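Some notes on the structure that comes next.
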Amino acid sequence: MPTALAVPPALDEAARIASIAHTPDRLTIRWSDGRESPYPAIWLADNRPDRRDRPDGQRLFDAIDLPDGIVLRGATLVADGAVEIDLAGFDTPARFGTAWLRAHALDPASRAERQRRPVLWDSSLALPTGDYEAIAGDDDARAAWLRAAYDHGFALLRGVPAEPGMVCKVVELFGFVRETNYGRLFDVVAVDKPQNLAFTAIGLGNHTDNPYRDPVPQLQLLHCLEAAAEGGESVVVDGFAAAERLRRDAPDAFALLTRRAVPFRYVEPGRVDLRSRAPLIELDAEGEVAAVRYNNRSIAPFDLDPDEVGPFYDAYRRFGRLLHDPELTVGFRLAPGDLFLVDNQRVLHGRRGFSAGRRWLQGCYADKDSLTSTLFSLEASR
C-alpha cells in the first residue's frame, strides 16, 4: 500500500495540493480541484531542479548518466509548499516546486491543456484583428494579437503605415524575416513578364505558399500599399478545418492524402529549380493534422502507382473542393495599411482577379517558432 500524507489546510490553500502518496516507482499528487497526477520515479530523477542550470533551464547531465534501479524512498511536503523527494542513487533529496509539478503533470487532463489544439473555423469567423500602433507599443495588445494568430492560424492588422518595408517591421515585433530567392521581401504586383502567376492580375485559387521548399516558410505576411479600384479581394480558408471535414465525410480519401507524398516544383530557367515531396495532409505522431500543402500552380506531375492515380485524384479533387467551399472560406478587402498574417502550414489564401487600378502588396516570410517564443514569453510575464 502507498504511504499517503495529508496536507495541512493552510498549505492546501496556498499550494493547491490535497494529498500526496508514493510507492517505490512513483509519486502521486491529488490536487485540491480533484485532479490526480502521477510522477514516475525515473522521470523525477531526470527532472531534478538541482541538476539544471535553473528551474526551466538546460540539464547538466545526460539521461544515460542516471543510476540504474531508481527507487522513490520518500516524499515529504515541506513548509514552503514544495515536495521533497528522496531517490535511491542520489546523495541528497530533490525539492520540486508545487507550481512546477502542476505545470508539468502527466495526467491526461494536464497533458491535454499543454497540447492545446487549434481553434478550427469556417465562414462564420469574426476576423481576428489588431491595431498596429497598439501592438507596437503595448505588450498586452501584442500578446493578444499573437495569440489570435497562433490559435486561428490567421490574423489581420490595421493601421500599418502604407510605406514600403513596413511588413518587415511588423515581423520584427515578434521575430525575424526568412529570406528566400524572392528576397527579404517581395512585391505582389502585376508585371509585364512575370516568373510567378502571383505577379499578375488574375485570380488565384486558395493555396499555401512555396510547397516546393523543404522546409516551407511557416508564416507569411502580406501588407497592402495600394488597393485595386475593382476586385482583388483576399480569401482565406482553414486547411485544418477542411482536412477534418474530409476525415469525417471521406475517411478513405483522407487516409490516402496522408499516406502518399507528391512532388512540388518551381522553376525559373537558369536561376531556380526548387523541388520537394510531401503529402497534401501531414499528421503528427498522435494522428492530428499537423500541416497541409495545396498549390495547384506548383504541384508537379504525380508519380504514383498507375492503379492508385484514379483514387488519388478523387481524393485530391474532393479536398480541393472543400478548400474552396463558401461555407469554409472567409473573404475580405484590404485597404492601404492593412496587413494579414497566415500560418502557411495551415491557412490557405487566395485572391479575386482585378482589372481597375493597381494592387500592390508587399510580403515576406517568417518562422513560427519566433512567434510562439515571443507569445509565450509575453504571456509568462503578464
Side-chain angles (χ1 to χ4, degrees), residues 116-130 145 147-158 197-198 202-209 211 216 219-222 224 227-228 230-258 262 279-284 287-299 311-335 338-354 359 361:
R116 180 170 170 171
R117 301 305 306 166
V119 178
L120 303 184
W121 47 269
D122 56 20
S123 61
S124 65
L125 175 71
L127 296 175
T129 305
W145 187 72
R147 170 55 68 183
Y150 179 74
D151 286 345
H152 296 88
F154 163 73
L156 277 165
L157 194 60
R158 308 285 193 191
L197 291 177
I202 66 172
L204 297 178
N206 299 335
H207 63 280
T208 57
D209 261 33
V216 301
L219 300 175
Q220 180 174 15
L221 294 88
L222 288 167
C224 181
E230 295 180 11
E233 295 86 355
S234 296
V235 181
V236 289
V237 60
D238 186 352
F240 284 12
E244 291 299 345
R245 185 168 295 191
L246 182 68
R247 191 202 307 248
R248 183 195 70 191
D249 296 342
D252 290 343
F254 175 87
L256 185 55
L257 296 187
T258 66
V262 295
L280 297 178
I281 303 173
E282 182 179 333
L283 303 181
D284 65 18
E288 300 290 346
V289 178
V292 296
R293 297 171 181 82
Y294 187 92
N295 190 315
N296 68 292
R297 290 171 288 128
S298 299
I299 202 161
F312 190 89
Y313 267 100
D314 289 343
Y316 171 45
R317 296 175 69 218
R318 184 163 188 159
F319 187 41
R321 285 192 289 270
L322 283 171
L323 293 170
H324 293 83
D325 186 336
E327 291 186 2
L328 295 181
T329 57
V330 175
F332 54 95
R333 185 174 179 79
L334 293 173
D338 291 345
L339 173 150
F340 72 87
L341 175 153
V342 293
D343 178 341
N344 189 50
Q345 295 178 295
R346 173 184 173 184
V347 172
L348 292 76
H349 65 285
R351 70 156 185 248
R352 312 298 185 206
F354 59 95
R359 183 179 187 268
L361 306 185

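The structure presented is a predicted model; accordingly, all values stated were derived computationally and were not measured.
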May I ask you to check whether over 12 heavy atoms, not counting those of R317, lie within 6.0 Å of atom CZ? no
Would you compute the distance between atom OH of Y316 and atom CG of N296 and round it to the nearest 0.5 angstrom?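 Between atom OH of Y316 and atom CG of N296 there are 6.0 Å.
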What orientation do Y294 and F319 show, parallel under 30°, tilted 30 to 60°, or perpendicular over 60°?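 Perpendicular, since the angle between the ring planes exceeds 60°.
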Could you work out, with side-chain contact (heavy atoms from CB on, under 4.5 Å) as the rule, every residue matching [X], not counting sequence neighbours?
| X | answer |
| --- | --- |
| S123 | none |
| D252 | none |
| P279 | A261, E282, R293 |
| R248 | R245 |

Does W145 reach the main-chain N or O of P128 with its side chain, forming a donor-acceptor pair under 3.5 Å? no
Could you work out, with salt bridge (Lys or Arg N to Asp or Glu O under 4.0 Å) as the rule, every residue matching D238, not counting sequence neighbours?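 For D238, the residues satisfying salt bridge (Lys or Arg N to Asp or Glu O under 4.0 Å) (neighbours in sequence not counted) are R346.
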With sequence neighbours excluded, what pairs up with R147 under the salt bridge (Lys or Arg N to Asp or Glu O under 4.0 Å) test? D151, E379
Only counting residues at least two apart or in another chain, list the ones meeting ring-ring contact (aromatic ring centres under 6.0 Å, His included) with [X].
| X | value |
| --- | --- |
| F240 | none |
| F340 | F332 |
| F312 | F302 |

Check the pair V236, W121 against side chain to side chain contact (heavy atoms under 4.5 Å, CB included), reporting the backbone distance first and the verdict last. CA-CA 11 Å; V236 289; W121 47 269; 3.9 Å; yes
To check you understand the geometry: which heavy-atom pair defines the closest contact between P251 and D249, and what is its length? CD-C, 3.7 Å
Q345: side chain to side chain donor-acceptor pair (under 3.5 Å) partners, not counting sequence neighbours: K368
Under the rule for side chain to side chain donor-acceptor pair (under 3.5 Å), what residues qualify as partners of E288, not counting sequence neighbours?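 With neighbours one apart ignored, the set is empty.
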Sequence neighbours excluded and cut-off under 3.5 Å, please list the side-chain donor-acceptor pairs for residues 322-329, or say none.
residue : atom : partner : partner atom : Å
H324    : ND1  : G320    : O            : 2.9
H324    : NE2  : N206    : N            : 3.0
D325    : OD1  : E327    : N            : 2.9
T329    : OG1  : D325    : O            : 3.4

Per the side chain to side chain contact (heavy atoms under 4.5 Å, CB included) rule, which among V235, V237, D209, T208 passes with H349?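 The single option meeting the side chain to side chain contact (heavy atoms under 4.5 Å, CB included) with H349 is D209.
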Passes side chain to side chain contact (heavy atoms under 4.5 Å, CB included), L257 versus V262? Steps please. CA-CA 9 Å; L257 296 187; V262 295; over 6 Å; no
